[in-house]
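To keep things clear, I will list the structure first and then write my remarks on it.
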Amino acid sequence: CGLICPSHVLPLTEPGAIKQAFKAMLTPGGPFRIRPRLDPELWRWLWNFARRCNRRDMLQAAHAIQALLTSSMREYRQLIADNELDCEWQTKGLLFTYRHAAEWEAYEPTNELLASQFGEPAVRLTGAETADLEPAIREDIAGSWYFEHDAHLRPDRFLSELRSCMEAAGVSFREYVDFRGVDASGRKATAIDTGGDRVAADAFVFATGAWTPLLNAQLQCRIPIQPGKGYSITMSRPANCPQIPMIFPEHRVAVTPMRSGYRLGSIMEFAGYDERIRPDRLALLRQGAEHYLHEPHCEPELETWFGWRPMTYDSLPIIDRCPAWDNVWLATGHNMLGLSMAPATGRLISELLAGAAPHVKPHPYRLTRF
């Protein structure tokens with residue numbers, strides 16, 4: 001959805017998360033689904049997730065998440081300014097908007113925790129105050145929590161601009177090639193086997209997202225990531241288009257108003273590597289937005305999309321050396337915050353590769369914690 005969210009410090013493993021998940025699964029048209037199947041890795045993942053839904057583990061993970069989010073925001077500002085990247089970068093904050101008063105007021109303790117533990121409080125807005133700030137929102141909503149320091153961009157534009165900068169600096173890209181394995185001599189990897197070519201290098205970084213567990217055999221380690229499927233719809237900007245990105249927690253829908261478009265996104269399905277785009281799940285995005293916006297969607301719809309989020313059961317990424325070799329690294333498992341954590345991850349990996357002092361403590365992201 002293109003959101004850069006220093007406010008999103010809390011992991012999914014919050015106290016009460018299991019109860020909320022079951023409630024969502026039992027609700028017709030709910031945004032969360034687990035496809036029942038005989039998959040030992042999935043059930044092991046769910047068991048370990050449930051074990052961490054307590055305050056101590058939540059806070060421990062949250063501080064490690066915040067370190068990357070805070071660093072990434074600094075890196076984004078510098079990267080975009082230094083390279084004049086045309087990626088529709090905007091710093092308009094983020095609204096958590098609620099339809100019902102009880103749900104809106106129930107967020108107060110969470111906001112107090114964010115303020116006291118992480119210095120990330122939101123501004124409490126009534127329904128009328130929300131509509132004054134963002135006229136695209138209906139007047140009958142209960143209220144919002146406004147995180148003023150968040151940002152957003154258009155991801156495809158950002159990646160295109162970044163690639164152009166990298167190519168200008170001499171970086172080459174090889175696309176649509178097979179990965180067969182790692183060639184090594186003792187503890188040192190020497191090349192990547194693509195089935196028809198060998199790509200030699202001094203060091204290797206696997207930033208392979210939700211596909212990483214499919215490489216367990218080649219990487220000679222077990223990586224406990226589950227693909228969390230999400231959906232989005234990109235369309236033209238409605239006539240009454242929001243200016244501020246927003247999330248509707250009661251319906252789990254995110255809204256991203258970009259200068260050149262408008263996007264609805266969210267949903268979480270644990271359905272394995274299912275490549276189908278299900279119309280009923282896309283309908284949930286449209287229907288969810290209808291409760292909050294005067295003009296929640298419009299024609300034409302330019303793209304319907306799905307993607308797999310690389311979900312770890314403790315909500316923390318894996319940024320570490322691959323156990324089998326001294327010069328192979330992993331940068332994966334960023335859950336739902338890949339875009340928000342990416343620049344800090346890149347900087348940390350470069351520091352670890354170079355043997356430089358890391359700008360954030362790498363210990364929380366080690367692979368051996370699993």
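- No more than 12 heavy atoms of other residues, nucleotides or ligands lie within 6.0 Å of CZ in Phe22, so this atom counts as exposed by the packing criterion.
- The aromatic rings of Tyr107 and Tyr98 sit tilted, their planes meeting at an angle between 30° and 60°.
- Without hydrogens or angle criteria, Glu250 side chain to Arg99 main chain gives a donor-acceptor distance under 3.5 Å.
- The backbone N or O of Thr190 lies less than 3.5 Å from no partner atom in the side chain of Asp183, so there is not a single donor-acceptor pair.
- Looking at every heavy atom in both residues, Phe147 comes nearest to Ser7 through CD2-CB, 3.4 Å.
- Contact check on Glu269 versus Arg276 returns no salt bridge, with no Lys/Arg side-chain nitrogen under 4.0 Å from an Asp/Glu carboxylate oxygen.
- With hydrophobic clusters built from ILVMFWY side chains whose heavy atoms lie under 4.5 angstrom apart, Leu337 does not share a cluster with Trp89.
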Inset, instruction - Could you give me the CA-CA distance, side-chain angles and deciding distance for Phe270 and Phe49, then say whether ring-ring contact (aromatic ring centres under 6.0 Å, His included) is met? - result: CA-CA 13 Å; Phe270 285 95; Phe49 178 91; 8.2 Å; no

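- For the residue pair Ser260 and Arg154, a side-chain donor N or O sits within less than 3.5 Å of a side-chain acceptor on the partner.
- With Arg124 as the partner, the salt bridge (charged side-chain N to carboxylate O under 4.0 Å, His left out) test is satisfied by one option alone out of Glu129, Glu112, Glu108: Glu108.
- Side-chain atoms of Glu148 never come within 3.5 Å of backbone atoms of Val123 as a donor-acceptor pair (strictly under, hydrogens ignored).
- We find that Arg157 and Glu88 are joined by a salt bridge, their nearest charged nitrogen and carboxylate oxygen being less than 4.0 Å apart.
- Under the 6.0 Å cut-off for aromatic ring centres, Trp325 and Phe204 do not qualify, their centroids lying 6.0 Å or more apart.
- In this structure, Asn83 and Leu79 approach most closely via the heavy-atom pair ND2-O, 2.9 Å.
- Between the side chain of Asn54 and the main chain of Arg56, a donor-acceptor pair closer than 3.5 Å is present.
- Remark: the Glu290 side chain and the His297 side chain contain an N/O donor-acceptor pair separated by less than 3.5 Å.
- Closest approach of Ala344 and Ser71 over heavy atoms only: CB-OG, 3.4 Å.
- Side chain to side chain, His8 and Ser340 fail the donor-acceptor criterion of an N or O pair below 3.5 Å.
- In plain terms, the two heavy atoms of Thr97 and Ser144 that are nearest each other are OG1-OG, 2.9 Å.
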